Amino acid sequence: MENSIIKSQAYGKDRVRVVRVVRHADGWQEIADYWVCCLLSGAQFESSYTKGDNKLVVATDSQKNTVYYLAKTLPAEKVMVPEVFATEVASFMVKKYAHVTSCQVKVTTKPWERMKFEDKAHAHSFYREGKETRWTEAVVTKTNPPSAVGLTTVINSGFYDLEVLKTTNSSFVDFWRDELATLPDMPDRMLSTKVLCQWKYLPQTLESLQAVDFNAVYAGAKRNTLDAFANDPRAWVHASVQTTLYIMADRILNDFADVDDVYYALPNIHYFPFDLSKFGLKNLQSDAEVYMPIADPSGFITATISRPAKGKF
């Protein structure tokens with residue numbers, strides 16, 4: 001046991017539930033609702049693993065308290081945007097504790113939608129239904145520990161569980177044929193998936209990154225995902241889920257210069273026409289109206305799409 005070495009280590013507090021409400025003088029209120037995971041790492045924590053020495057261990061309960069402390073004391077604009085709040089928590093930790101080399105903070109949220117009545121937004125009432133989950137992860141690391149002068153910041157963001165379906169304008173034909181292929185050409189089919197999309201921001205200083213309009217990037221990534229899925233004709237004819245994925249990611253990279261690469265995972269949730277020929281009914285190909293959803297197995301398509309080497313299109 002004593003001859004083994006620690007290859008990597010990190011510890012902290014997960015699933016810290018925190019809600020921040022911003023109350024404006026005119027009665028308008030805003031809400032941020034987060035799950036936070038905060039992990040600390042540094043070479044001096046190794047003794048807590050190998051020797052049972054806790055003298056330098058910042059208790060996970062203290063990390064939890066820090067999340068609530070910062071949610072209260074930071075200006076509202078630094079709390080209401082997940083990416084900014086994550087970088088604030090991470091940078092606070094590495095600056096406060098000299099023996100902390102790196103802090104990784106993940107913030108997950110299912111956004112609340114503001115209620116509307118007669119097309120008028122309600123000042124303080126919200127609802128949530130069928131929403132995708134938004135998340136971000138910020139890692140702040142000292143470049144010359146223990147000094148906190150000079151920090152590197154890496155931010156990844158994304159969303160998952162965005163369920164989409166279209167009843168036409170999807171095809172899958174001209175694929176590899178051999179003795180194991182039984183799937184017929186499908187010139188028109190239903191297409192459904194549960195989108196996981198994540199993107200990495202170009203490395204910048206902490207100050208420059210915090211100036212990025214993260215909400216606009218999130219909204220744009222979702223908009224491009226939905227628009228490419230529903231409306232881009234390149235994904236309609238003799239295409240595949242792979243084509244749709246590439247178009248989605250390419251559009252995000254073209255729209256947002258701060259994004260370095262985009263990753264998608266798209267399970268192909270199958271809806272197959274049910275064969276009703278035994279009942280004298282046509283329900284295949286162009287006659288298909290009744291489908292049988294197949295949960296398992298499903299196709300699973302992934303890719304990471306990045307900028308060319310020079311970082312410019």
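The model shown is predicted, which means the values in this text are computed figures rather than measured ones. The figures that follow rest on heavy atoms only: side chains count, while hydrogens, waters and symmetry mates do not.
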Modelled atom types, side-chain donor and acceptor of E46 and Q9, under 3.5 Å = no

Establish, yes or no, whether the cationic atom of R114 lies under 6.0 Å from the six-membered ring centre of W28 and within 45° of the ring axis.
-> yes

Are the aromatic ring centres of F214 and Y201 under 6.0 angstrom apart?
-> yes

Would you say F274 has more than 12 foreign heavy atoms packed within less than 6.0 Å of its CZ?
-> no

Check whether the side chains of E88 and Q210 place a donor and an acceptor atom closer than 3.5 Å, and report yes or no.
-> yes

Validate the cation-pi geometry between K78 and F85: distance from NZ or CZ to the six-membered ring centre under 6.0 Å, angle to the ring axis within 45°.
-> no

Any side-chain heavy-atom pair of I305 and D261 under 4.5 Å | no

Does the pair R128/E113 count as a salt bridge with the N-to-O cut at 4.0 Å?
-> no

Thinking salt bridges, do D33 and R20 make one under a 4.0 Å N-O criterion?
-> no

Does R134 count as lying over the ring of Y218, i.e. NZ or CZ under 6.0 Å from the six-ring centre, within 45 degrees of the axis?
-> yes

Has K95 got more than 12 heavy atoms of other residues, nucleotides or ligands less than 6.0 Å from its NZ?
-> no

Between Y264 and T304, do the side chains contain an N or O donor and an N or O acceptor separated by less than 3.5 Å?
-> no

Do L226 and F256 sit in the same hydrophobic cluster, where Ile, Leu, Val, Met, Phe, Trp and Tyr count as joined when their side-chain heavy atoms come under 4.5 Å apart?
-> yes

Inspect the contact between D53 and K51 and indicate whether a charged nitrogen and a carboxylate oxygen are less than 4.0 angstrom apart.
-> no

Side-chain donor-acceptor pair present, D255, N224, cut-off under 3.5 Å = yes

Indicate whether any N or O donor in one side chain lies under 3.5 Å from an N or O acceptor in the other, for Q198 and S157.
-> no

Under 3.5 Å: donor-acceptor pair, side chain of Y160, backbone of A265 | no

Are the aromatic ring centres of Y11 and F45 under 6.0 angstrom apart?
-> yes

Can D161 and K131 be counted as an ion pair, charged N to O under 4.0 angstrom?
-> no

Greater than 12 external heavy atoms within 6.0 Å of Y69's OH | no

Please work out whether the ring planes of H122 and H124 are parallel, tilted or perpendicular, with thresholds of 30° and 60°.
-> perpendicular

In terms of side-chain heavy atoms, does S47 have a donor or acceptor partner in T50 at a distance below 3.5 Å?
-> no

Any side-chain donor paired with an acceptor under 3.5 Å for E83 and N215?
-> no

Can a donor-acceptor pair be found between the side chains of N231 and D227 at a distance below 3.5 Å?
-> yes

